[in-house]
2 protein chains.
Amino acid sequence: MSSPAAPGDASKGEASHGDARRRPPGMTDVARLAGVSQKTVSRVVNNERYVSEALREKVLRAAAELGFRPNTAARALITGRFQRIGVVSLGSALFGPASMLVALERATRAAGLSFMVANTPEGQPEAIQESIDWLLAQGVDGIILSEPKDEGQRLRPDAGVPIVSLGQAGDLPDERVALARGRTAASCREAVDHLLDLGHERVWHAAGPQDWWEGRERLEGWAEAHRARGIEPPPPLAGDWTPASGYAAGLALPPEATAVFCANDDTAIGLARALSEAGRRVPEDVSLVGFDDIPAAAYLSPPLTTVQQDFAGDAAHALNVLLRLLPGAEAPEQEAAPPRRRLVVRASTAPPPIRQ
Amino acid sequence: MSSPAAPGDASKGEASHGDARRRPPGMTDVARLAGVSQKTVSRVVNNERYVSEALREKVLRAAAELGFRPNTAARALITGRFQRIGVVSLGSALFGPASMLVALERATRAAGLSFMVANTPEGQPEAIQESIDWLLAQGVDGIILSEPKDEGQRLRPDAGVPIVSLGQAGDLPDERVALARGRTAASCREAVDHLLDLGHERVWHAAGPQDWWEGRERLEGWAEAHRARGIEPPPPLAGDWTPASGYAAGLALPPEATAVFCANDDTAIGLARALSEAGRRVPEDVSLVGFDDIPAAAYLSPPLTTVQQDFAGDAAHALNVLLRLLPGAEAPEQEAAPPRRRLVVRASTAPPPIRQ
DNA sequence: ATAGGGCTCCAAAACGTTTCTGACTACGTA
DNA sequence: TACGTAGTCAGAAACGTTTTGGAGCCCTAT
């Protein structure tokens with residue numbers, strides 16, 4: 001059993017040339033190759049000062065030769081930061097949420113942070129908190145809530161990291177929970193004003209779901225536009241973003257209605273379908289405005305007047321708010337330009353038909 | 001102010017109750033509270049054997065009381081694994097890519113892995129390799145390429161982790177790069193067969209971009225359906241997924257065409273618009289089939305016959321392929337059920353008009 | 001001439017886990 | 001009685017970074 005010479009010695013001597021278990025190279029390896037201390041490699045990699053140009057280049061050459069990549073786990077371990085933000089998003093390919101997700105990823109990566117998503121399946125009240133917990137378990141420095149729904153307001157306050165919601169105010173539990181409020185209502189007013197300016201007496205509304213703040217905000221903007229002119233808005237038609245609900249709203253639309261503001265473009269598509277089946281023409285009999293400006297909007301029959309969103313602007317704003325809450329706050333001080341939505345007028349809106 | 005003792009001393013004595021720098025509790029803290037060794041806490045947390053029930057409960061209680069969350073960075077550092085996969089996705093809110101992304105996130109989280117996206121902006125050939133590098137720098141155990149485009153084939157082979165592409169075969173560089181091939185072509189054949197069975201002599205094709213494998217595969221399926229019947233397919237109409245390109249294709253559509261298979265639903269919408277402007281009715285004069293089954297498809301005028309995709313199935317398949325390549329392969333052995341697309345027949349397809 | 005202070009670099013100590021090694025019981029079997 | 005084995009636990013050694021605490025060196029101002 002026990003040989004006089006330890007059998008381990010030989011293999012230990014050649015350990016660096018190990019066979020199967022090839023660990024990726026670390027700073028130590030780079031340092032050895034470059035003939036400097038490991039700390040110096042760290043300085044070069046992190047672009048710190050006090051490294052001579054000659055050494056810096058030598059280190060970089062060694063790092064490149066070895067294919068060195070800094071180990072984020074080790075860095076995160078010592079710094080306590082992950083350089084990563086999590087996003088809780090409604091798991092949906094709907095144009096709005098999907099666009100926002102893309103915009104958030106872009107903004108995040110541009111800020112040098114990595115990006116982790118947790119989708120919430122629809123219809124599960126506890127799903128948001130679950131997704132937050134999941135992100136926290138994975139390790140994130142902050143969280144952006146990109147949920148157009150309300151359930152986010154029932155959050156436990158002990159997250160330990162700042163949370164920013166893209167949503168409406170509401171009683172968010174903690175001072176660490178900030179808010180990047182959208183400006184949906186204003187652009188809805190603009191859309192409805194466009195219809196009223198065309199001469200329509202009142203504008204109907206095929207609403208979004210009212211347990212989504214996004215749906216409520218669009219409804220409020222619509223109602224405000226009426227009240228600003230002393231007009232009582234007609235009762236809203238319930239909906240849930242789907243073309244199906246728009247179709248139902250179209251069936252329920254009273255004969256005297258001459259203009260409809262739809263909560264989103266899909267709703268408008270469904271509503272247009274119902275009108276078409278009822279023999280009511282757009283825009284001659286009924287004017288239609290959507291919201292989102294989906295790519296197909298310009299090619300519907302007729303092309304749809306709609307509101308274009310500024311996802312990139314909203315995303316950048318939310319990220320700025322979050323970054324400012326982070327401990328190592330690299331927060332870009334300049335306030336991001338206020339997101340600008342705009343009404344795209346196409347052929348689905350026209351003056352109301354002349355009453356006889 | 002009020003304390004006679006040196007203020008520095010007091011704070012030092014109470015260091016564990018530190019003010020600003022509150023490190024989150026670690027296994028050591030849990031161990032101290034539970035009166036066990038740190039190693040035992042590790043065993044409990046990881047559900048290892050050889051821990052008595054009494055101790056396990058005591059540890060769990062202590063962990064809950066402290067709000068302990070295992071530090072993934074420390075774990076990743078020692079194990080060399082991140083329990084995380086990266087996805088390179090086309091940064092786009094297009095229905096297809098967005099749906100695939102959601103499906104991939106679901107599948108990944110269901111497998112207990114965390115999920116990191118890197119979007120590639122369109123039109124940058126080197127963007128995919130950049131995104132891969134970004135993911136590798138962040139630390140991932142494997143990568144799924146959810147790019148419907150081809151540039152993925154110019155990848156450097158030294159990733160160090162397995163890469164799975166959802167795309168077409170092609171000369172992927174490395175044996176570590178596997179492939180989760182889609183079955184687009186087959187369902188395209190089905191769609192075209194549907195039109196041919198209705199009596200159309202030939203079916204035109206408003207194609208997707210041919211530098212996307214997804215576009216080529218749809219075109220090939222369309223062509224195959226013709227050749228299987230000994231028919232020469234008409235020349236395809238170029239396109240790029242957008243309604244605009246569908247509109248252009250509609251303008252270019254020859255008068256004798258009675259049926260068109262569109263590369264996606266948006267293309268079909270644009271094409272329908274062009275037909276409508278030209279006074280050609282759908283489906284009486286021209287039958288139309290799309291691809292994707294976007295939510296609005298059922299509510300267009302007329303409702304669009306289209307091909308429904310199986311994103312969840314494709315995502316699960318790709319993830320399975322990847323998991324099998326991972327070192328700690330927890331690969332579910334049972335092959336995932338082959339993804340099933342299906343043709344949804346609606347009102348946009350009908351027999352061809354009778355020739356006089 | 002010499003103290004100070006930038007610049008350049010190094011060695012060792014964390015960070016919170018997993019892995020490795022081993023010690024101590026209890027129990028059944030030779 | 002002695003021994004092997006499975007169960008239960010603890011201590012120490014990694015893992016690859018950042019942080020901390022210097023140590024030389026050269027230049028300048030006194």
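Within every chain, numbering begins at 1; the chains are lettered A, B, ... in the order of the sequence lines, protein sequences first and strands thereafter. Both backbone and side-chain heavy atoms feed into the values below; hydrogens, waters and symmetry mates do not.
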What's the separation between atom CE in A:Met116 and atom CZ in B:Phe115, rounded to the nearest 0.5 Å?
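Here the interatomic distance stands at 10.0 Å.
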State the CD-CG distance between B:Glu105 and A:Leu101, to the nearest 0.5 angstrom.
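Between atom CD of B:Glu105 and atom CG of A:Leu101 there are 9.5 Å.
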Spacing of [X] atom [atom1] relative to [N] atom [atom2], expressed in whole Å:
{"X": "A:Lys58", "N": "C:dC9", "atom1": "NZ", "atom2": "C1'", "result": "12 Å"}
{"X": "A:Arg81", "N": "C:dC15", "atom1": "CZ", "atom2": "P", "result": "16 Å"}
{"X": "B:Gln83", "N": "C:dT18", "atom1": "CD", "atom2": "P", "result": "11 Å"}
{"X": "B:Arg56", "N": "D:dC9", "atom1": "CZ", "atom2": "C1'", "result": "13 Å"}
{"X": "B:Arg69", "N": "C:dT17", "atom1": "CZ", "atom2": "P", "result": "12 Å"}

In the structure I gave you, are the side-chain heavy atoms of [X] and [Y] within less than 4.5 Å of one another anywhere?
{"X": "A:Phe82", "Y": "A:Ser114", "answer": "no"}
{"X": "B:Val30", "Y": "B:Val44", "answer": "no"}
{"X": "A:Arg75", "Y": "A:Asn46", "answer": "yes"}
{"X": "A:Pro162", "Y": "A:Arg324", "answer": "no"}
{"X": "A:Arg32", "Y": "A:Asp29", "answer": "yes"}
{"X": "B:Leu55", "Y": "B:Lys58", "answer": "yes"}
{"X": "A:Val117", "Y": "A:Leu104", "answer": "no"}

Is the shortest side-chain N/O distance from B:Thr72 to OP1 or OP2 of C:dT17 below 4.0 Å?
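Negative; the distance criterion is not met.
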Is B:Thr40 close enough to D:dA10 that one of its side-chain N or O atoms is under 4.0 Å from OP1 or OP2 there?
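B:Thr40 to D:dA10 OP1/OP2: side-chain N or O found under 4.0 Å.
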Please list, for nucleotides 18-21 of chain D, all pairs of protein and nucleotide N/O atoms separated by less than 3.5 Å.
| residue | atom | partner | partner atom | Å |
| --- | --- | --- | --- | --- |
| D:dT18 | OP1 | A:Asn46 | OD1 | 3.4 |
| D:dT18 | OP1 | A:Asn46 | ND2 | 3.0 |
| D:dT18 | OP1 | A:Arg75 | NH1 | 3.4 |
| D:dT18 | OP2 | A:Ser42 | OG | 2.8 |
| D:dT18 | O4 | A:Gln38 | OE1 | 3.4 |

Considering only C:dC15, C:dT17, D:dT17, which nucleotide approaches the side chain of B:Asn71 most closely?
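That would be C:dT17.
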Could you list all N or O pairs between the protein and nucleotides 5-7 of chain C that sit under 3.5 Å apart?
| residue | atom | partner | partner atom | Å |
| --- | --- | --- | --- | --- |
| C:dC7 | OP2 | A:Tyr50 | OH | 3.3 |

Stepwise side chain to side chain donor-acceptor pair (under 3.5 Å) test for A:Thr120 and A:Glu147
CA-CA 9 Å; A:Thr120 56; A:Glu147 287 280 337; 2.5 Å; yes
Output field dot_bracket for DNA chain D (Watson-Crick or G-U, both distances under 3.5 Å, | for other-strand pairs) contains ||||||||||||||||||||||||||||||
Would you mind telling me which of B:Leu135, B:Ile143, B:Ile144, B:Val140 makes a side-chain contact (heavy atoms from CB on, under 4.5 Å) with B:Ile85?
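The residue from B:Leu135, B:Ile143, B:Ile144, B:Val140 that satisfies side-chain contact (heavy atoms from CB on, under 4.5 Å) with B:Ile85 turns out to be B:Ile144.
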